[in-house]
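Inspection log for the structure reproduced underneath, given as structure tokens.
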Amino acid sequence: MKLVPKPTTPVNALHADVRRLLKKYKCDYELHEVRAQFMGAIASPMDQVNPMQELKSLWDGELPPFKNMAAVNELMQVFAMGLWNQLSAHSNSEHPFELTAFSGVNTDKELKHFAQVKRDEIECFIAGFFQGEDKIKLPPEIGESLDVLEDLVGMFAGVVAIPKKTHEGEVEILGLMNELQKVADIAQKEINIIIISSAQARRQGGTPSRVLH
């Protein structure tokens, strides 16, 4: 039995700590979802963006129970000062945000897992960006990119819902994967357009950066 391929995005010590704490405090989100939601919030034009609120949202609006202040400080250090600030660096066009990368997708199950992760990432990015609002007044280029992303969510969802085909060969799966990777590349491009355009708009409006100090 083949296992679902693991992401090939470099897993640094910070990402390992994020995964460990998500598991420790029984969070329903995975690393790829947290990264995308935080990134969407950082890119959001909404004034009320608050890293603490984003952190609480991972546990339905309330932080998990802690044994002591050291545990609280650890969570804040890893998620707020660590992951949030790491992602804030992507507001610079020289450091584009990257979606989770995969390798070795050879089966129907692996293909659908890839599509599900991409769907998760796009949906979480959009959720973080809109901050609970149904509509936001946006520059045309950002609105157009969001429209593209919403279409891509539907495409990835469609792949996830495809019935299993026992006769589907490896060559056919690789062909589908190549096409899906192209779609994922488009999603990443549009997300970075939103991130950079939003950062430029904030700078022009005199809004402080999202980096925590």
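Bear in mind that the values here come from a model prediction, so they are computed numbers and not experimental data. Each residue takes its place number in the sequence, starting with 1.
Within a 6.0 Å sphere centred on CG of N178, other residues, nucleotides and ligands contribute more than 12 heavy atoms.
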Worked check of side chain to side chain contact (heavy atoms under 4.5 Å, CB included) between L138 and F129: CA-CA 11 Å; L138 299 166; F129 186 83; 3.8 Å; yes
From CA spacing to verdict: side chain to side chain contact (heavy atoms under 4.5 Å, CB included), S198, R202: CA-CA 6 Å; S198 296; R202 285 199 304 276; 4.0 Å; yes
CA sep, side-chain torsions, deciding dist, call: Y29, Q37, side chain to side chain contact (heavy atoms under 4.5 Å, CB included): CA-CA 10 Å; Y29 287 82; Q37 183 167 313; 3.6 Å; yes
Test log, rule side chain to side chain contact (heavy atoms under 4.5 Å, CB included), inputs E190 and I186: CA-CA 6 Å; E190 298 300 334; I186 293 172; 4.3 Å; yes
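For the pair F130 and D134, the tightest heavy-atom approach, listed with the atom from each and the gap, is CE2-O, 4.0 Å. For the residue pair C27 and L58, the shortest heavy atom distance occurs at SG-O, 3.2 Å. The two residues S93 and P96 make their nearest non-hydrogen contact at O-CD, 3.7 Å. The shortest non-hydrogen separation linking S145 to I193 is OG-CG2, 3.4 Å.
Taking the side chain as every heavy atom from C-beta outward, V117 and H113 approach each other to under 4.5 Å. Put simply, the side chain of M76 reaches to within 4.5 Å of the side chain of M52, judged on heavy atoms. A 4.5 Å side-chain heavy-atom check between E74 and K24 finds at least one atom pair inside the cut-off. Using a 4.5 Å heavy-atom cutoff, the side chains of L75 and Y25 are in contact. V18 has its side chain within reach of V78: a pair of non-hydrogen atoms, C-beta onward, lies under 4.5 Å apart. Taking the side chain as every heavy atom from C-beta outward, F79 and L22 approach each other to under 4.5 Å.
Note that CG of L21 and CG of L83 are 11.0 Å apart. Values are rounded to the nearest 0.5 Å. Here the NE2-CG distance, from H32 to L99, works out to 10.0 Å after rounding to the nearest 0.5 Å. Taking NE2 of H95 as the reference point, atom CD1 of I196 lies at 10.0 Å (rounded to 0.5 Å). Here the CD1 atom belonging to I173 is positioned 6.5 Å from the CG atom belonging to L111, to the nearest 0.5 angstrom. Considering CG of L152 and CE of M155, their distance stands at 6.0 Å, rounded to 0.5 Å. The distance from the CE atom of M177 to the CG atom of N106 is 9.5 Å, given to the nearest 0.5 Å.
A salt bridge is absent between E98 and R35: the closest approach of a Lys/Arg side-chain nitrogen to an acidic carboxylate oxygen does not fall below 4.0 angstrom. Using a 4.0 Å cut-off between charged side-chain N and carboxylate O, D185 and K182 make no salt bridge.
Checking side-chain atoms of Q200 against main-chain N and O of S197 turns up no donor-acceptor pair under 3.5 Å. Here the side chain of E33 pairs a donor or acceptor atom with the backbone of E30 at under 3.5 angstrom.
For the residue pair Q86 and H15, a side-chain donor N or O sits within less than 3.5 Å of a side-chain acceptor on the partner.
At a threshold of 4.5 Å between side-chain heavy atoms, the hydrophobic network of Ile, Leu, Val, Met, Phe, Trp and Tyr places I126 and F38 in one connected group. Residues I122 and V148 are members of one and the same hydrophobic cluster, defined by side-chain heavy-atom contacts under 4.5 angstrom among Ile, Leu, Val, Met, Phe, Trp and Tyr.
Of the candidates E54, Q131, M39, S44 forms a side-chain contact (heavy atoms from CB on, under 4.5 Å) with just one, namely Q131.
Taking the centre of each ring, F97 and F125 stay at or above the 6.0 Å mark.
For the pair K118 and F114, the cation-pi criterion (under 6.0 Å, within 45° of the ring axis) is fulfilled.
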